[in-house]
Amino acid sequence: MYFFSNRIDNYDNVHLNNWAEEYAHIADYFDTSINSLLDIGCGTGLELASIYQKFPNVKITGIDLSKDMLEKLRVKYADKDIDLIMADYFEYPLEAEKYDAALSFETLHHFKYSKKQKIYDKLFQTIKCGGYYIECDYVACCLDEEILCLEQYEFKRKENHIPDDVFVHIDIPLTLEHQIQLMKNAGFRNVHILYENKSTMIIKAEK
C-alpha cells in the first residue's frame with residue numbers, strides 16, 4: 001500500500017497529534033479479561049501500547065495492508081505474542097469464534113455502506129459468543145455531511161478513472177445512526193457510545 005508506505009516516517013506523529021488521548025486510553029474501554037484480540041488496520045500499532053499496558057499477556061492478531069507498517073510494529077513489540085498478517089481485512093478469511101474481542105482504530109472511515117457491512121459481518125462471526133467489538137473512529141455530524149462526503153468520494157473516483165476495487169484514501173464517515181445500524185445488521189447487540197470528543201467516538205458492540 002504505497003499511500004501509507006510513503007507516509008510511514010510521519011505516520012505516528014500525525015495520528016498522535018490528532019488522537020493522542022484516544023490512543024493512550026483505548027484499553028480502558030476493554031473488559032478486565034481478554035486473552036485474544038483481533039486488531040484490523042493495525043498500522044504501526046499505536047493503540048497497542050495501551051492494550052499491552054492493561055493486558056501484557058494478550059495474544060494479538062494484527063491485519064494491515066502495509067508491509068512497512070507491519071515491520072515497524074513487529075520491531076516495536078518484538079517481545080510480545082503477536083501474529084501480524086499483511087492482507088486486506090475485507091478479504092482475509094477469519095476463523096469463526098476465535099477472538100475474545102476485536103478492535104479497529106481510525107481505519108473504517110474510508111469505506112461505503114456495503115464494505116462496512118461486510119467487515120462488521122466478518123467481525124461478528126470471528127468474535128466469540130459473549131465477546132465484543134470496539135471501534136474508535138470519527139462520524140459525520142449529520143446526514144448532509146455524510147452525503148457530501150460520499151458525493152466527493154464518487155466524484156474523485158470518476159474524475160480520476162479509479163476502478164471500484166482500487167482503494168482510495170478519501171474520508172467518507174457515516175452518521176452515528178447509520179454506523180450503529182450496520183453493526184446491528186451484522187448481529188451485534190447493545191451497541192453504545194463509550195466516549196465522544198467532537199466527531200471522534202468510541203463505540204462498543206456486543207455479541
Side-chain angles (χ1 to χ4, degrees), residues 1-26 29 39-47 62-66 68-70 72-73 87-91 102-123 133-183 185-186 191 193-205:
M1 175 62 67
Y2 295 115
F3 179 90
F4 294 107
S5 295
N6 290 339
R7 290 160 176 78
I8 193 167
D9 291 340
N10 200 37
Y11 176 87
D12 285 9
N13 289 334
V14 169
H15 278 244
L16 288 172
N17 284 340
N18 285 290
W19 301 291
E21 183 74 12
E22 291 80 4
Y23 278 118
H25 296 286
I26 188 64
Y29 302 101
D39 185 1
I40 63 168
C42 58
T44 62
L46 290 172
E47 62 279 8
I63 304 178
D64 200 276
L65 280 172
S66 172
D68 292 331
M69 292 213 173
L70 289 176
K72 189 171 182 178
L73 191 160
D88 179 347
Y89 50 69
F90 289 103
E91 303 302 327
L103 168 68
S104 73
F105 200 115
E106 297 294 339
T107 185
L108 292 179
H109 54 269
H110 307 300
F111 304 105
K112 297 194 296 183
Y113 302 110
S114 58
K115 295 283 279 187
K116 282 193 172 184
Q117 190 65 73
K118 181 175 182 178
I119 194 59
Y120 291 149
D121 291 346
K122 293 183 68 176
L123 290 171
Y133 164 60
I134 289 182
E135 177 173 313
C136 179
D137 216 324
Y138 56 91
V139 300
C141 69
C142 55
L143 185 58
D144 286 345
E145 181 184 10
E146 178 184 300
I147 291 171
L148 179 62
C149 289
L150 287 167
E151 288 176 346
Q152 285 293 313
Y153 172 88
E154 298 296 351
F155 172 77
K156 289 179 180 179
R157 277 192 174 277
K158 183 176 181 180
E159 183 181 43
N160 293 285
H161 308 288
I162 302 171
D164 289 340
D165 61 346
V166 175
F167 173 78
V168 179
H169 192 269
I170 300 173
D171 293 348
I172 46 173
L174 306 183
T175 64
L176 178 61
E177 291 76 16
H178 287 161
Q179 197 89 334
I180 290 176
Q181 188 58 56
L182 292 177
M183 292 179 183
N185 290 347
V191 180
I193 309 305
L194 300 177
Y195 167 94
E196 182 175 353
N197 181 13
K198 297 179 181 178
S199 61
T200 297
M201 295 189 181
I202 295 176
I203 303 172
K204 182 177 183 179

List the atom pairs, with distances to 0.1 Å, where a side-chain N or O of residues 173-180 and a protein N or O form a donor-acceptor pair under 3.5 Å, not counting sequence neighbours.
| unit_1 | atom_1 | unit_2 | atom_2 | d |
| --- | --- | --- | --- | --- |
| Thr175 | OG1 | Glu146 | OE1 | 3.4 |
| Thr175 | OG1 | His178 | N | 3.2 |
| Thr175 | OG1 | His178 | ND1 | 3.3 |
| His178 | ND1 | Glu146 | OE1 | 2.9 |
| His178 | ND1 | Glu146 | OE2 | 3.0 |
| Gln179 | OE1 | Lys116 | NZ | 2.8 |
| Gln179 | NE2 | Tyr120 | OH | 3.3 |
| Gln179 | NE2 | Glu135 | OE2 | 2.4 |

Open item on the list: Checking Glu159 now: which residues fulfil salt bridge (Lys or Arg N to Asp or Glu O under 4.0 Å) with it, not counting sequence neighbours?
Closed with: none
TODO: With sequence neighbours excluded, tell me which residues meet ring pair (Phe, Tyr, Trp, His ring centres under 6.0 Å) with Tyr29.
DONE: none
Task: Residues which pass side chain to side chain contact (heavy atoms under 4.5 Å, CB included) with Lys112, listed by chain and number, not counting sequence neighbours - done: Leu150, Tyr153, Glu154, Ile172
- [ ] Would you confirm whether Ser104, through its side chain, and Thr107, through its main-chain N or O, come within 3.5 Å as a donor-acceptor pair?
- [x] no
Open item on the list: Distance check, rounded to the nearest 0.5 Å: Ile170 atom CD1 versus Gln152 atom CD?
Closed with: 8.5 Å
TODO: Check whether the side chains of Gln117 and Asn185 place a donor and an acceptor atom closer than 3.5 Å, and report yes or no.
DONE: yes
Open item on the list: Ala87: which residues meet the side chain to side chain contact (heavy atoms under 4.5 Å, CB included) condition with it, sequence neighbours left out?
Closed with: Ile63, Ile85, Tyr92
Task: Any Cys141 side-chain heavy atom under 4.5 Å of Lys198 side chain - done: no
- [ ] Find out whether Leu103 and Cys42 are in side-chain contact, i.e. whether some heavy atom of one side chain is under 4.5 Å from a heavy atom of the other.
- [x] no
- [ ] Give the ring-plane orientation class for Phe105 versus Tyr23, where under 30° counts as parallel, over 60° as perpendicular and anything between as tilted.
- [x] parallel
Task: Spacing of NZ belonging to Lys122 relative to CZ belonging to Phe90, to within rounding of 0.5 Å - done: 9.0 Å
TODO: Compare every heavy atom of Ile119 with every heavy atom of Tyr89, then report the nearest pair and how far apart it is.
DONE: O-CD1, 3.5 Å
Open item on the list: For the OH atom of Tyr195 and the CE atom of Met201, what is their distance to the nearest 0.5 Å?
Closed with: 11.0 Å
Open item on the list: Could you measure the distance from the OG1 atom of Thr200 to the CD atom of Glu106? Nearest 0.5 Å is fine.
Closed with: 5.5 Å
- [ ] Could you grab the distance from atom CG of Asp171 to atom NE2 of His109, nearest 0.5 Å is fine?
- [x] 4.0 Å
Open item on the list: Between Asp39 and Gly62 (side chain of the first, backbone of the second, donor and acceptor by atom type, cut-off under 3.5 Å), is there such a pair?
Closed with: no
TODO: Could you grab the distance from atom CD1 of Ile134 to atom CD1 of Ile203, nearest 0.5 Å is fine?
DONE: 11.0 Å
- [ ] Could you tell me which non-hydrogen atom of Ile26 sits nearest to which non-hydrogen atom of Cys136, and how far apart they are?
- [x] CD1-CB, 4.3 Å
- [ ] Taking all heavy atoms of Val191 and all of Ala205, pick out the closest pair and write down the distance.
- [x] CG2-CB, 3.9 Å
Open item on the list: So that I can tick it off, tell me whether Glu91 and Lys118 are bridged by a salt bridge, with the cut-off set at under 4.0 angstrom between side-chain N and carboxylate O.
Closed with: yes
- [ ] Taking the side chain as every heavy atom from C-beta outward, state whether Leu73 and Asp64 have any atom pair closer than 4.5 Å.
- [x] no
Task: With Phe155 via ring pair (Phe, Tyr, Trp, His ring centres under 6.0 Å) - residues at least two apart - done: none
